[in-house]
Amino acid sequence: MTDPERQNIESSLHETRVFPPRPAAELGMSHWVVDGREDYREQHRRAIEDPERFWGAVASELDWFEPFSRVLDWKAPDAKWFDGGVTNVCHNALDRQIAAGHGDEVALIWEGEPTPGGQPEVLRFTYRELHAEVCRFARALDALGVKKGDVVTIYMGMVPELAIAVLACARIGAPHSVIFGGFSAQAIVDRVQDASSQVIVTCDGSWRRGGVVPLKANVDQACATLEAKGHPVRDVVVVRRVGNDVDWHAGRDKEWSDLVADQAPDRAPEPMAAEDMLFLLYTSGSTGKPKGIVHTTGGYMVWTYFTARATFNLLPDEGQVYWCTADIGWITGHSYILYGLLPNRVPTIMYEGAPNAPDEGRFWEIIERHKVTHFYTAPTAIRAFMKWGDKHVTGKDLSSLKVLGTVGEPINPEAWAWYHRVIGRERCPIVDTWWQTETGGHMLTPLPGVTATKPGSCTTPMIGVDAAIVDAGTFREVEPGGGGLLVIRRPWPGMLRGIHGDRQRFVDTYWHNDRGYYVAGDGARQDEDGFFWIMGRVDDVINVSGHRIGTMEVESALVGHPAVVEAAVVGMPHEIKGTGIAAFCTLEPHWAAKFDADPKAVTDALRAHVAKEIGPFAKPDALRFADGLPKTRSGKIMRRLLRDVAAGIDGHQDTTTLEDRGVLENLRACQVY
Ligand code: WTA
């Protein structure tokens, strides 16, 4: 557990307010999808006792080209859901709506990054229009020779073509691997190589607060490295978005606009077996190497469809407009901008820009303009808005809002209360959704209309989720109130099916117990009402501004710089980010001399290096330099001591195994950069 999480749990422990659910009519909705406590209990019971019948019925609400013959085939850690079934997720997102007569309803609303002084750029796609664009690009991928099972890498800004590319991949059965546009060239290299991907879809650049992120240049650099490693990339498809100059590699590089120009606006959805891979999404773990989480077609489709509707109370014919502020490069964007929303027939907004450009009122303007009913964001954004002040919100018409959501990290009760009061105007239920890249969709969350909420708690399990807190040694359930490991005791449709190319890591990371429990990697406790309170990661993963980062990734980036001999990275409390990145380094003597002469030059160089190796979002917030790091006699770095130093506290921890106490004193005394 990192310190902000400790603090969070501290303040949560003093949090006693309870907000009961209110009637749907008060918020102008005809009903709650899950209609009260009894309905929830009953559905939950049925889903746990007879998952086959329950999930079979949910799955049957969607289209299957061939019906499944068996709902669940489970032998831990391997699940097959909807075996024998053949379907296509893109078909269920688009064709199914058109066939039911909804083709002219709005499916996707895109709002561009504001151009200085210009009008907001807005595009609306109906199901029919989105279908046509998706089919054109699907045919373009066909023309490039992309076949079912070939991994297509997508590295783009938040432009409509990103959604189109993702859905086109799903349509032709080519698993996509989306890389967040904030990652660097090196991150692309690792992911493309691990996935043996031959095709990259990108943009010339993306807008970020009026500046340009050079996406194509990053891809070029990655391709050069990949080529040198004997892994040439065959095709790079480029969307023109910002009009920056880009190098052009004839033969390899193709204009998106050329590729789709003459394509017919239809392309049959590829029949996909339920367990065919839908996508890979790389995420951070306890080692320096990101892992490619595998999600498959049937289970993920059913899980995102079901959870989106239940958690947000999605009702297609009631004028709802849903906005999730995540980037599609993360799982939240996959599941709750695209895959969970389109099959539920509620328009979904995609926003290209930042929350504070051109000013801090941007989000609230978007809500006002589109009459947003559902708003889903991260605690870090909420804390930033709190800091910027209520003045950016007052005067904005937020009366369309009905349900608010948060995700990505524990929300501190103060931020929850602000969200409730200032944004929700004390009317809107807040759903604090706990889940992970690996779980595909929501696992612990309040359901509006069902769950009384307590600020800081993600409350109770999603229907069908068998969550428990167990002792880390015995895997026995702990007494109520006690902390332990958060586990899921039974399979659920949206669960990951593996780590791409690394069976052993999959087993070791998530299933290191003989009970068949999924081990989430988070610590949690349950209160007297059975509510879950997440205490944070128990491994070397930190959630920085809701972005998941492995401390080892940052360490290996740092030691990759010639200045650094040894590095240790831990989380530290950060007012806005929740958890910030604290790095402790020892310097090579020649660089130590440079550092004495000009510390800023060296710290700037190290931050720039981390940005280059991973991405700007992984730059350390605090750097400290010393002659040594605190180690045990056997040479292990004692990270728990470093966490105290980074937090500026003396946790009175046991230091008896520390080899040299002076080292700790030096670190406490040294300057922070
Ligand atoms: C953390 C993001 C507390 C948690 C969907 C988890 C949360 C990790 C919450 C997964 C929440 C996510 N409350 N912590 N509501 N939501 N987390 O894979 O530590 O990017 O393990 O998925 O984020 O991050 P990931």
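Order of appearance sets the numbers: ligands from 1, and atoms from 1 within every ligand.
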### Task
Decide if the gap between the ring center of Phe180 and the ring center of His547 is smaller than 6.0 angstrom.
yes

### Ring centres under 6.0 angstrom apart (Phe183, Phe617)
yes

Please output the side-chain donor-acceptor pairs of residues 378-387 that fall under 3.5 Å, not counting sequence neighbours, one pair per line with the distance.
residue, atom, partner, partner atom, Å
Thr380, OG1, Ile576, O, 2.8
Arg383, NE, Glu575, O, 3.3
Arg383, NE, Ile576, O, 2.9
Arg383, NH1, Asn412, OD1, 3.1
Arg383, NH2, Glu409, OE1, 2.9
Arg383, NH2, Glu409, OE2, 3.4
Arg383, NH2, Ile576, O, 3.0

### Message
Between Lys289 and Asp502, does any NZ, NE, NH1 or NH2 come within less than 4.0 Å of an OD or OE carboxylate oxygen?
### Response
no

### Task
Examine Arg191 relative to Tyr155 and say whether NZ or CZ is less than 6.0 Å from the centre of the six-membered ring and inside a 45° cone about the ring axis.
no

### Query
Does a side chain donor of either Thr433 or Tyr376 reach within less than 3.5 Å of an acceptor in the other side chain?
yes

### Message
At less than 4.0 angstrom from any atom of ligand 1, which residues have a non-hydrogen atom? List them by chain and residue number.
### Response
Ile331, Thr332, Val407, Gly408, Glu409, Pro410, Asp432, Thr433, Trp434, Trp435, Gln436, Thr437, Asp522, Ile534, Arg537, Asn543, Arg548

